[in-house]
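Here is the structure we will look at.
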Number of protein chains: 2
Amino acid sequence: MDAKREITIYDIAKEAGVSTATVSRILSNSAGVKQDKRERVQALIEKYNFRPSALARGLSETHSKVIGMLCPDVRNAYYANLFMECERTAFENGYTLVLNNTFAQESLEIAFMEKLLEQRVESLIVCGGVADWRPLPERYAKSLERFAKRVPVVVAGKLDIEPCHQVYIDHAQAMCAAVRHLLTLGHRRIAFMHGFTYIYQTQDKLQAFQETLQEYGVTPRAEYMINAGEFDEQAGLLGMKRLLCLPEPPTAVIAMNDLMAAGALQAVLRLGYAVPGDFSIIGFDDSIITELTEPNLSSVHYDYVHYGKALIQTALCAMNGTQCARDQVIPFRIAVKASCRKIDA
Amino acid sequence: MDAKREITIYDIAKEAGVSTATVSRILSNSAGVKQDKRERVQALIEKYNFRPSALARGLSETHSKVIGMLCPDVRNAYYANLFMECERTAFENGYTLVLNNTFAQESLEIAFMEKLLEQRVESLIVCGGVADWRPLPERYAKSLERFAKRVPVVVAGKLDIEPCHQVYIDHAQAMCAAVRHLLTLGHRRIAFMHGFTYIYQTQDKLQAFQETLQEYGVTPRAEYMINAGEFDEQAGLLGMKRLLCLPEPPTAVIAMNDLMAAGALQAVLRLGYAVPGDFSIIGFDDSIITELTEPNLSSVHYDYVHYGKALIQTALCAMNGTQCARDQVIPFRIAVKASCRKIDA
DNA sequence: TAACTGCCTGAAACCGCTTGCAAGAATCGC
DNA sequence: GCGATTCTTGCAAGCGGTTTCAGGCAGTTA
């Protein structure tokens, strides 16, 4: 294989009999270049299928036109949705989005941050992962702050680290809505199946769950608030089994997310009960999962298009120095499907 | 906001009283630098949290250390799995993977290719999308070939474009195994629910489906091979409804993928039938979806870890010029779960 | 026809890092 | 102690673009 060097702007200039400056002007479509040269150069660009190096351009213009993104695991529909929308918006604005899966491992998150820093990303979007832990590991907070000192960091979640922007869902309000939905349907024995409590969403939802019940005169029962550990369908299944073994089981269950809700649904069905006949179930995220189960799962729905757009838009604003709100809250609504029913109080 | 320039290797060199060459050597950890200078420079790097610019380095070393990847939609668990594994392997080898979602739109695929070319990716991984169409659009094939002329292209699928490497699943064999699985369970009235036939996987599976049945003395029935159009759960649901309306419905259904299988399952359950009691269902991909439904779906399983690793490994080989097989086939197996049962012949 | 405009163009510096080359410093053998 | 080696270093030339600045040229004006 012959050591073929990439075609450069210099080659084009030489063959066209012009200077690199002229070619550069043509590439960036700036005015003030005679038509004949323009055509001659264009033809050569076509001929050699020349593409200017983003590396060189980035170096010279001191901007990379790339935005970094961190998420624990794109296989999770929630993050996939977010990434997708972010990518779209970034692309529309001439940016490339590079995503890294961190598996919520602190060392990996930090390693990726370093790498993104080297790549001179112009902004960083942080979704979940260690950023959701409370208390926040000190080393991680430091890394994030150092990052934010260089380029804008936008967190998809509530982090409250001074230099970071944040776009998030008000989980307390969302939980409140979910509880009210079930209360309205006549449920009084409502359970909340969550996971690790070192995740702030768990804390927020747990608190809102209890407060909302009390507000409506229902006393929260300790045995109805169960920590299933993980946030996956297996945990949901196991957690639900525990609930079903209770002397007085709940009539409705709120799951931390759709995955757990799907697990809970399986547990119920396997024991021969019906949903929503015997038990009502509602999840959070309104991901594709809700459409895959029978019955389809009611869920708290977020506007991912809006969410992704807001994340990138905020990053864009912060990058070009435009003033923009540090906090943004994404609206939600209850997506009523088929897993909850009205019961007699 | 003060126009803060990034710290450069030059700044470090100056403050440490050495040349940039020395700093560079320390950065790349090459031998032959006195311990005292090394320490002095390291300290400054820490102090300023200096990270060398990958842009500059890439330009100077004429390599970007990034690999590009194209897929239609990461929200699809199949691609998410693949991406995840590819990213892991790439990272382990010091490469960054940048993923673009193309929605299988030809113009977007080509646009992304151009962009990746500018970014000087050192290799391209193409997963699905337009690459699965038959016949292959000419403009697309041209783009791909042009790309392959510069850097190695590895296709996750069977494409047979000369300069591209390919790693794929033998869909015919996989279908064959699925059919045999059902035959072994005693089924004779077996249906295949697929989607658009301009996708080569559809063609391969369709043919294998018929051939395998015939091989076992079962005559394929036209009304049991239905084209549901899309490849999603909605299509699966609708397609299954059509099958259930047949005067003599099948006893088992093979769906093009898990998404469609999940849709089919819903259709069956909604009409009051049982799975696997009344109907057996099997899908392809063995994604997380199979664990979310009740009953869990049997499915044809691919080894994603192996698959992703093979894609990147092949790219790596091709990049450094090592000879490597142009074709690689990924093994599969039937993941038996709970959606198929034995019946009396 | 000389002086003045404005438009095109190219020379050259620069972006931040790597590396070949050659010179100076340190170490070694005798 | 001295020349021969072996280490350490720094200089400077790229890598492939962008951009500033000044010069060349044609068209105007007086």
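This is a predicted model, so every value here is computed, not measured.
Remark: B/F91 pairs with A/F112 by the ring pair (Phe, Tyr, Trp, His ring centres under 6.0 Å) rule, at least two apart or across chains. Residues satisfying the side chain to side chain donor-acceptor pair (under 3.5 Å) criterion with B/T96, sequence neighbours excluded, are A/Q119. B/T102 is linked by a side chain to side chain donor-acceptor pair (under 3.5 Å) to B/E109, counting only residues two or more places apart in sequence or in another chain. A/T8 is linked by a side chain to side chain donor-acceptor pair (under 3.5 Å) to A/D11, counting only residues two or more places apart in sequence or in another chain. Qualifying ring pair (Phe, Tyr, Trp, His ring centres under 6.0 Å) partners for B/Y79, counting only residues two or more places apart in sequence or in other chains: none. Every residue two or more places apart in sequence or in another chain was checked for a side chain to side chain donor-acceptor pair (under 3.5 Å) with A/Y78, and none qualifies.
The backbone N or O of B/A16 sits less than 3.5 Å from a side-chain atom of B/R40, completing a donor-acceptor pair.
Summary of the strand contacts: B/S19 and A/R57 both lie near DNA chain D, and taking for each the nucleotide with the nearest heavy atom, the more 5' one is attributed to B/S19.
Within residues 34-56 of chain A, the residues approaching DNA chain C are A/K34, A/K37, by heavy-atom distance under 4.0 Å.
Among the atoms of the strands shown, only primed sugar atoms or phosphate atoms (P, OP1, OP2) are found under 4.0 Å from some heavy atom of A/V33. A/V18 comes within 4.0 angstrom of sugar-phosphate atoms only, judged by non-hydrogen atoms across all strands, and of no base.
Side-chain polar atoms of A/Q328 and A/T314 form a donor-acceptor pair below 3.5 angstrom.
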Pairwise N/O distances under 3.5 Å, protein to nucleotides 19-23 of chain D:
residue, atom, partner, partner atom, Å
D/dT20, O4, A/R25, NH2, 3.3

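Sequence neighbours left out, the pairs with a member in residues 49-70 of chain A that pass salt bridge (Lys or Arg N to Asp or Glu O under 4.0 Å) are A/R51-B/E114. Within the structure, ring pair (Phe, Tyr, Trp, His ring centres under 6.0 Å) contacts touching residues 130-152 of chain A (residues at least two apart or in different chains) are A/W133-A/Y198. Pairs engaging residues 28-67 of chain B under the ring pair (Phe, Tyr, Trp, His ring centres under 6.0 Å) rule: none recorded [sequence neighbours left out].
Atom-to-atom, CG of A/L59 to C1' of C/dC17 comes out at 8 Å; the value is rounded to the nearest Å. The distance between atom NZ of A/K65 and atom P of D/dG17, rounded to the nearest whole Å, is 18 Å. Atom pair B/R150:CZ and D/dG16:P shows a separation of 12 Å (rounding to whole Å applied). Protein atom CD of B/E6 is 12 Å distant from nucleotide atom C1' of C/dC15, rounded to whole Å. With rounding to whole Å, B/I12 atom CD1 is found 12 Å from C/dG16 atom C1'. Taking atom NE2 of A/H63 as the reference point, atom P of C/dC14 lies 20 Å away to the nearest angstrom. Spacing between atom OH of A/Y10 and atom C1' of C/dG10 amounts to 13 Å, rounded to whole angstrom units. Remark: C1' of D/dG16 and CD of B/Q119 are 16 Å apart, rounded to the nearest angstrom.
An end-to-end axis angle of 40° holds for the helix from C/dT1-D/dA30 to C/dC30-D/dG1, taken from five base pairs per end and rounded to 10°.
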